[in-house]
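Read through the structure below, which is laid out as structure tokens, and then see the notes.
All values below come from the heavy atoms of this structure, side chains included, with hydrogens, waters and symmetry mates left out.
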Amino acid sequence: MKVYNDLEFNTILNSVAALTQSSVVAEAILDTLPTTDLDRANKLLTQTGDAVNVLASHRPSLAFEDVELILSKANVGAVLTLKELLSVTEHIRALRSLKNNVESMDECDSLKDITAYARVCDELEYAIDRAIENESDLKDDASEKLYGIRRAIIRANARLKEKLDGFTKQNNISKYLQDNIVTMRGGRYVLPVRNDCRGNVKGLVHDVSSTGATVFIEPFAVVEANNEIITLKTEEAMR
């Protein structure tokens, strides 16, 4: 409407939206339309005044993203990513901060009528925090099964590394190596063998260096040990 343009209403909305810590709140502000209902206008003014008082007295955490799509996925039984679960805890913390700050005020009745219906999911937040390290990793004790698998991976890695280290110390093998080290290619432990000696180390070739001077060979003697680690890591990923 022309009157909104004259009042630069959209400019005001953009200025307010730019001050928010959450994109979902910014979107809601930008979608705001004035009301012609006097009672509703007065109610909104009261809520705005109470909100200003809360912000002046406290600093609630208001940084959160929209979790509606995440909740929709959860409702149909879809598996959520670690990042999505962390977004849920972020949402819970923001809600708790706001609810506590509002309800600790002596007045702010207009906002308490809203926060009274807000349920903070402490148990869900605790369960997620207990299990997730960051957006890409679960904590070792996220479950008893995962803990056992990760301990098994550590032991299997140590056994395999020890066996391959033995190759680097055997004169009949180490003399064919480009370097007396154990490295990895394609998630498997291998030895860096001089290309001109590749026939002297029996195993699977997984890669060749950019210069062609080195081939990375997985000795036949450690194929099963490598397979064990791959299997354990697959189990880990499914947990």
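A salt bridge does not link Lys43 with Asp113: every distance from a Lys NZ or Arg NE/NH1/NH2 to an Asp or Glu carboxylate oxygen is 4.0 Å or more. Under 4.0 Å is where a charged nitrogen must lie from a carboxylate oxygen, and between Lys161 and Asp165 at least one such pair does. Salt bridge Lys112/Asp50: absent, no basic N to carboxylate O contact under 4.0 Å.
The shortest heavy-atom contact between Val208 and Val215 is CG2-CG1, 4.0 Å. Of all non-hydrogen atoms in Ala118 and Leu95, the two that sit nearest each other are CB-CD1, 3.7 Å. The two residues Ile92 and Cys121 have their closest heavy-atom pair at CD1-O, 3.7 Å. The two residues Ala213 and Ser209 come nearest to each other via the heavy atoms N-OG, 3.3 Å. Residue Thr32 comes nearest to Ala28 through the heavy atom pair OG1-O, 3.1 Å, listed as atom of the first residue, atom of the second, then distance. Between Pro192 and Asp179, the shortest heavy-atom contact is CG-O, 3.5 Å.
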message: Pair Asn14, Leu30 - check side chain to side chain contact (heavy atoms under 4.5 Å, CB included), show working.
response: CA-CA 7 Å; Asn14 283 317; Leu30 294 174; 3.1 Å; yes
- request: Go through the steps to decide whether Glu236 and Arg150 satisfy the test side chain to side chain contact (heavy atoms under 4.5 Å, CB included), and finish with yes or no.
  value: CA-CA 7 Å; Glu236 178 191 23; Arg150 287 187 171 174; 2.8 Å; yes
message: Set out, in order, the CA-CA distance, both residues' side-chain angles and the distance that settles side chain to side chain contact (heavy atoms under 4.5 Å, CB included) for Val25 and Ile29, then state yes or no.
response: CA-CA 6 Å; Val25 174; Ile29 290 171; 4.0 Å; yes
Val193 and Leu177: CA distance, side-chain angles, deciding distance, side chain to side chain contact (heavy atoms under 4.5 Å, CB included) verdict: CA-CA 4 Å; Val193 180; Leu177 302 182; 3.9 Å; yes
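Between the Asn180 side chain and the Lys169 main chain, no donor and acceptor come within less than 3.5 Å of each other. In terms of modelled atom types and a separation under 3.5 Å, the side chain of Asp207 and the main chain of Phe216 share no donor-acceptor contact. One N or O on the side chain of Thr231 and one on the backbone of Asn227 form a donor-acceptor pair closer than 3.5 Å. Put simply, the side chain of Arg194 gets close to the backbone of Lys175: a donor and an acceptor are under 3.5 Å apart. Of the possible polar contacts, one joining the Lys99 side chain to the Thr115 backbone as a donor-acceptor pair under 3.5 Å is found. Side chain of Glu218 to backbone of His206: no donor-acceptor contact under 3.5 angstrom is found.
In this structure, OG on Ser87 lies 10.5 Å from CG on Leu69, to the nearest 0.5 angstrom. The line from CG of Leu124 to CG of Asp129 is 9.5 Å long, rounded to the nearest 0.5 Å. If you take CG on Leu86 and CD1 on Ile128, they are separated by 7.5 Å, rounding to the nearest 0.5 Å. Taken from CG in Asn226 to CG in Leu164, the straight-line distance is 7.0 Å, to the nearest 0.5 Å. Rounding to the nearest 0.5 angstrom, the gap separating the CD atom in Glu65 from the NE2 atom in His91 is 10.0 Å. Note that the CD1 atom of Ile154 and the CG atom of Leu232 stand 11.0 Å from one another [nearest 0.5 Å].
Linking ILVMFWY residues whenever their side-chain heavy atoms come closer than 4.5 Å, directly or via other members, places Val201 and Val205 in the same cluster. Placement of Ile153 and Leu160 in two distinct hydrophobic clusters is found when ILVMFWY residues are connected by side-chain heavy-atom separations under 4.5 Å, directly or transitively. Under the 4.5 Å side-chain heavy-atom criterion for Ile, Leu, Val, Met, Phe, Trp and Tyr, Leu44 and Leu13 are members of distinct hydrophobic clusters. In terms of hydrophobic clustering, with Ile, Leu, Val, Met, Phe, Trp and Tyr side chains grouped at heavy-atom distances under 4.5 Å, Phe167 and Met184 are assigned to a common cluster. In the hydrophobic clustering of ILVMFWY residues, with side-chain heavy atoms under 4.5 Å counting as a link, Leu82 and Leu71 come out together.
Taking 4.5 Å as the limit, every side-chain heavy atom of Thr81 sits out of range of all side-chain heavy atoms of Glu135. Thr183 is listed as a side-chain neighbour of Val190, based on a closest heavy-atom distance under 4.5 Å. Looking only at side-chain heavy atoms (C-beta outward), Leu111 and Met105 stay at 4.5 Å or farther from each other. Side chains of Leu191 and Val182 form a contact here, defined as non-hydrogen atoms less than 4.5 Å apart. Side-chain contact between Val67 and Glu90 is absent, with no heavy-atom pair separated by less than 4.5 Å.
In this structure, a donor-acceptor pair under 3.5 Å is absent between the side chains of Glu107 and Asn53.
The 12-atom threshold is exceeded at CG of Asp37, counting heavy atoms of other residues, nucleotides or ligands nearer than 6.0 Å. Within 6.0 Å of the CD atom in Glu8, the count of heavy atoms belonging to other residues, nucleotides or ligands does not exceed 12.
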